[in-house]
There are 2 protein chains.
Amino acid sequence: MAADGSGAGRPEKRRAIVRAAVTVFGREGFARASMDAIAAEAGVSKRTVYNHFADKESLFLTVALENTVALSEHLKDLAAEYLGDVTDLRQALIDFAVVRVGAIFSAEEHGALGRAIRAEVTKISADVLTAWLAAGPQASHQDLAGYFERIASRGLLAFDDVDTAVEHYTLLTFHPVADRSFWGALPISEEEIRRVAASGVDAFLRSYGGPDLH
Amino acid sequence: MAADGSGAGRPEKRRAIVRAAVTVFGREGFARASMDAIAAEAGVSKRTVYNHFADKESLFLTVALENTVALSEHLKDLAAEYLGDVTDLRQALIDFAVVRVGAIFSAEEHGALGRAIRAEVTKISADVLTAWLAAGPQASHQDLAGYFERIASRGLLAFDDVDTAVEHYTLLTFHPVADRSFWGALPISEEEIRRVAASGVDAFLRSYGGPDLH
DNA sequence: GTCTATACAGGGATAGAC
DNA sequence: GTCTATCCCTGTATAGAC
């Protein structure tokens, strides 16, 4: 039997299990989450869970990877919407920062799963972690880099190294929220998110604003 | 009986327990760590652990708080050494960034405990978390703010809000390392730390460099 | 009187059997 | 889908040792 979550059983059961696992792992973390709770949340028997996934660990890793893939695609759409055709760069960078934080830390348990991954990072194999990074944070980074290059070619940004510029943008606009909210564990007001994004973007543009910005 | 870790029993036993708890909680996280393992690591019986600390949770919180207090004091010394009497601001900010990262993520398990706290943040009471933040990150932030004010008064830095400036310095020089290494879980080369610190400080100074910087 | 060593009760977990 | 074997953990209890 496969038991790797790929081909066995009814797909709608599998989806229910994955959704339930996101919820429970997100709420409890890996160690506290029980397979009983996940089965109950999914409305299936525990046997069905073990039919689709070999064990707790492989369920967790599968769920984490699928979740980060879905999030990356969502972020890609948001980047296209906010950074694809920029007129007011400052406003676009602020707005994108706000919606990005919202996408990662809102109702869906992306933030909680991110926290769970980070909590378990010493127990995760290097391969799996590399795959998770590539599908998630690095994919978003690459996507942003494309937009930054295009914006720079219009003279609105100026940098030697696009990767450093992207990283600094993320550090100044995303990480303050991630840090204060402990990766989405504690609430943070919409107003504070906007304030942080604005001050981060202003600092970013003082560093990386191009000759034709104003 | 007190059993809050304050007055009972021999102090050297208590110290051994706290040291062992740092090691084991740092290595395993809260949920995986067992009181048996902590007792064994400390070289005392489990009963002695329970003689000093009411339960696993209070041991963890005590250890986390004491650890962050010690780290803050160490960082305060480093700040005084590197930022107390600045001649070359860029070099001072880079050097301090490097030693700060080293202090937090080197051999001592500060980073591991920080990760454990972040993993448990949803289960920690607001009071305890507030106390931990005040004794740790916020204390270091305040300390840095004092140095930044003094440096700004010499015209080497310029900012409207010292707290934002300090936060951006930390975001640009500390968080890249914390993020890449997953708060110290994965190794990161000295060379990369220096490179990240330099590019972070350069971006910081493009934003916050004062009129008399050059 | 504090510590060690060990055993044990009670609960809960994974994983698998039926 | 239920039931259970097996294991591990917390926290307590019961011995005796320095």
Side-chain angles (χ1 to χ4, degrees), chain A residues 1-6 8-10 12-18 20-64 116 119-120 122-125 128, chain B residues 1-64 116 119-120 122-125:
Chain A
M1 198 172 307
D4 61 344
S6 52
R10 302 227 173 83
E12 74 266 22
K13 296 284 182 189
R14 202 199 106 103
R15 274 194 298 275
I17 293 166
V18 169
V22 171
T23 302
V24 177
F25 281 132
R27 191 177 58 220
E28 308 286 344
F30 177 81
R32 277 187 172 83
S34 82
M35 297 293 265
D36 276 321
I38 291 167
E41 176 85 27
V44 304
S45 83
K46 196 163 54 165
R47 190 68 190 85
T48 304
V49 176
Y50 279 102
N51 222 20
H52 282 268
F53 299 93
D55 54 24
K56 187 182 177 182
E57 187 185 332
S58 94
L59 173 58
F60 176 70
L61 295 175
T62 302
V63 157
E120 296 299 318
T122 56
K123 279 93 187 175
I124 295 174
S125 83
V128 174
Chain B
M1 201 173 303
D4 62 343
S6 51
R10 301 226 173 87
E12 75 267 21
K13 297 287 177 186
R14 201 198 109 106
R15 275 194 299 272
I17 293 165
V18 169
R19 222 182 353 252
V22 170
T23 303
V24 177
F25 281 131
R27 190 177 57 220
E28 308 286 343
F30 177 81
R32 276 186 171 85
S34 81
M35 296 293 264
D36 277 321
I38 291 167
E41 176 82 27
V44 305
S45 82
K46 192 164 59 161
R47 195 66 193 82
T48 301
V49 176
Y50 280 101
N51 223 21
H52 283 267
F53 299 93
D55 52 27
K56 188 181 175 180
E57 188 185 331
S58 94
L59 173 58
F60 176 69
L61 295 176
T62 302
V63 158
E120 296 300 316
T122 57
K123 279 91 184 175
I124 294 174
S125 84

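Letters A, B, ... mirror the listed sequences (proteins, then strands); counts begin at 1.
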Novice: Can you measure B:Leu59 atom CG to D:dC9 atom P for me and round it to whole angstrom units?
Specialist: 16 Å
Novice: Assess the residue pair B:Arg32 and A:Glu120 against the criterion (side-chain contact (heavy atoms from CB on, under 4.5 Å)); give the C-alpha distance rounded to whole Å, side-chain angles, the decisive distance to 0.1 Å, and a yes or no.
Specialist: CA-CA 11 Å; B:Arg32 276 186 171 85; A:Glu120 296 299 318; 2.7 Å; yes
Novice: Between C:dT2 atom C1' and B:Glu12 atom CD, what is the distance in whole Å?
Specialist: 11 Å
Novice: Over all heavy atoms of both residues, which pair between A:Ile38 and A:Ala20 is shortest? Give the atoms and the distance, please.
Specialist: O-CB, 3.5 Å
Novice: What string of B, S and - do you get for nucleotides 13-18 of chain C, 5' to 3', if B is base contact, S is sugar-phosphate-only contact and - is no contact with any protein heavy atom under 4.0 Å?
Specialist: SBB-B-
Novice: Check whether any side-chain N or O of B:Asn51 sits under 4.0 Å from OP1 or OP2 of C:dC3, and answer yes or no.
Specialist: yes
Novice: I need the minimum non-hydrogen distance between B:Ala116 and B:Phe25, along with the two atoms involved.
Specialist: CB-O, 4.2 Å
Novice: Below the 4.0 Å mark, does C:dT4 have OP1 or OP2 next to a side-chain nitrogen or oxygen of B:Thr48?
Specialist: yes
Novice: If you round to the nearest 0.5 Å, how far is CG of B:Asp55 from CG of B:Leu61?
Specialist: 9.0 Å
Novice: If the condition is salt bridge (charged side-chain N to carboxylate O under 4.0 Å, His left out), which residues does A:Lys46 pass it with, not counting sequence neighbours?
Specialist: A:Asp36
Novice: What are the two closest heavy atoms between B:Ala42 and B:Ala16, and how far apart are they?
Specialist: CB-O, 3.6 Å
